[in-house]
Chemist: 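Got a structure for you, questions after.
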Number of protein chains: 2
Amino acid sequence: MTAMQRAYDHVRDCILSGRFSPSERLGEVTIATELGVSRTPVREALRNLAADGFLELRPHVGAIVRPWNFEELYSSFVIRADIEAQAAAHAARRITKEEIEELAALCDLMERESDHDESPAPQSRSTLNRQLHLRILQISGLPHAERTATQLMDLAVLTMTFNQFDEEEVHRSNSDHRILLHAFRLKDDLLAHSVMRTHILTAAAILRAGEETPQ
Amino acid sequence: MTAMQRAYDHVRDCILSGRFSPSERLGEVTIATELGVSRTPVREALRNLAADGFLELRPHVGAIVRPWNFEELYSSFVIRADIEAQAAAHAARRITKEEIEELAALCDLMERESDHDESPAPQSRSTLNRQLHLRILQISGLPHAERTATQLMDLAVLTMTFNQFDEEEVHRSNSDHRILLHAFRLKDDLLAHSVMRTHILTAAAILRAGEETPQ
DNA sequence: GGTTGACGCAATGCATACAATCCTGCTCTT
DNA sequence: AAGAGCAGGATTGTATGCATTGCGTCAACC
């Protein structure tokens, strides 16, 4: 583990946990002394975080935590819906039997976990979900889809920790995955496209519902 | 102009002009001495180029020029088509009269340049085209659409220099822009979506045609 | 002859020092 | 009292030196 990676993870975790509030100014020296490393790896980590959309760099001012209002987050889902739907359609045409079994195994794991009401690892589901979506993006054979969608996905994890699905919504999500697998088996690219698009836009709608009621 | 920016532009131009061939290994010291600067800004430039998709960084090995086969490039167009179509639809609902006039002015410039057969600046059209698309992305109010689409667009400029549109194709492209503006005036988001999607997929098809015949 | 091990080298990773630039608060002036 | 100018400080930009790590090569052993 390099010092840059440590700095990256540290700042990222601080942003996600709310220790660094939005629009807060972060200096290189502050973080460097906090971690006991030099400015060089910290500087590099901040650049990477900015490239990944977590920070905004202002020369001679400092890195400020990117303020992520609701519109910002919702837009990432809208874009992801298009990209991943397209990827699912491509994947449906290229997927092999072995890859289908691989995805099915992931779905089994997720459903088995949902059955146990006392979920041992609360973030396990989101990890498995990420794996599933990532694998489909890889299978699609659209390298840029993989790049951009994973960026948006990791950025969305930010709020997923605050906004948990309830039991009914988890069930629906699992059902979406099953239908998607069905579409893959049939090599039905139109169905795959539509299911994936609905799957993500549904998540966005749930997010919107959870975000609008508290206010 | 910082030294990092100089290094960034230098390496980028070398990649685009073919001076650095794909899969070539680039050392930090090589470029640093070539430009007469220290390793530090070069290092930072290489990171940025990797973040923008031009390079791939391998720890303790070096930066290698990302091999961009045809599939890779084509996939960027497919993704862009979806993103920018969605952005156009959103823009159609939010655009103001002033912004429409602004876009119309850009279209006028592009068409006026097309009329003069002796185009003074060969890359002027691609610059104007970039401005037009970027402005629409901004108007869409989807920040992530702007981020991802511009990344893909800049990456695609790479081959646009080798693959020029002929007169007929330029005319068609201008016509697309005009219909898009028409859709904006009518606030017709469906039309805007479809026109933009077709516009980009057409460019991809032309690219494919130009790429398959030489072989 | 093929394979595995170690050693040397080259390149990156990191730390520190210095320079340039910009922001900020204060003061002086109007 | 409000605005402009200036000085101080803080932050980033760059250079350089040392530490670390992976890779290639050569030789020895199987």
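Keep in mind that this is a model prediction, so the values were computed, not measured. Heavy-atom basis, side chains included; hydrogens, waters and symmetry copies ignored. Numbers restart at 1 for each chain; the letters A, B, ... are given by sequence-line order, proteins then strands.
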Chemist: Could you check whether A:Arg66 pairs with A:Glu56 (Lys NZ or Arg NE/NH1/NH2 to Asp/Glu carboxylate O, under 4.0 Å)?
Modeler: no
Chemist: Which whole-number value in Å describes the distance from B:Leu35 CG to D:dT14 C1'?
Modeler: 14 Å
Chemist: Could you tell me the separation between the NE2 atom of A:His60 and the P atom of D:dT11, rounded to a whole number of Å?
Modeler: 12 Å
Chemist: Please check if the distance between the ring centroids of B:His90 and B:His193 is under 6.0 Å.
Modeler: no
Chemist: By the 4.0 Å heavy-atom rule, please label A:Thr2 as base, sugar-phosphate, or nothing.
Modeler: sugar-phosphate
Chemist: Provide, to the nearest angstrom, the distance between the CZ atom belonging to A:Arg58 and the P atom belonging to D:dG13.
Modeler: 14 Å
Chemist: Does D:dA15 have its OP1 or OP2 closer than 4.0 Å to a side-chain nitrogen or oxygen of B:Ser38?
Modeler: yes
Chemist: More 5' along DNA chain C: A:Val61 or A:Met1, using each one's nearest nucleotide?
Modeler: A:Met1
Chemist: From C-beta outward on A:Thr40, which listed nucleotide comes closest to its side chain: D:dT16, C:dA20, C:dT16?
Modeler: C:dT16
Chemist: Does a side-chain heavy-atom distance below 4.5 Å link A:Asp13 with A:Arg19?
Modeler: no
Chemist: Would you verify whether the NZ or CZ of B:Arg208 falls within 45 degrees of the ring axis of B:Tyr74 while also being under 6.0 Å from that six-membered ring's centre?
Modeler: yes
Chemist: Does A:Arg43 make a side-chain N or O approach to OP1 or OP2 of D:dG13 shorter than 4.0 Å?
Modeler: yes
Chemist: Whole Å only: how far is the CD atom of B:Glu28 from the C1' atom of D:dT21?
Modeler: 14 Å
Chemist: Nearest heavy atom decides the nucleotide; on that basis, is B:Val37 or B:Arg25 closer to the 5' end of DNA chain D?
Modeler: B:Val37
Chemist: Nearest whole angstrom, please: distance from the C1' of D:dG13 to the CG of A:Leu57.
Modeler: 13 Å
Chemist: Starting at CE of B:Met4 and ending at C1' of D:dT14, how long is that distance when rounded to a whole Å?
Modeler: 12 Å
Chemist: Please classify the nucleic acid contact of B:Arg6 as base, sugar-phosphate, or nothing, using heavy-atom distances under 4.0 Å.
Modeler: nothing
Chemist: Compare side-chain N and O positions of A:Arg39 against OP1 and OP2 of C:dT16 and report whether any pair is under 4.0 Å apart.
Modeler: no
Chemist: Once you apply a heavy-atom cut-off of 4.0 Å, does B:Glu44 come out as touching a base, just sugar-phosphate, or nothing?
Modeler: nothing
Chemist: With a non-hydrogen cut-off below 4.0 angstrom, is B:Leu26 in contact with a base, only sugar-phosphate, or nothing?
Modeler: sugar-phosphate
Chemist: Which label fits B:Phe20 and B:His10: parallel for a plane angle under 30°, tilted from 30 to 60°, or perpendicular past 60°?
Modeler: perpendicular
Chemist: For B:Gln5 and D:dT14, what is the distance between atoms CD and C1' respectively, to the nearest whole Å?
Modeler: 15 Å
Chemist: Could you tell me how far apart A:Ile31 (CD1) and D:dT12 (C1') are, to the nearest whole angstrom?
Modeler: 13 Å
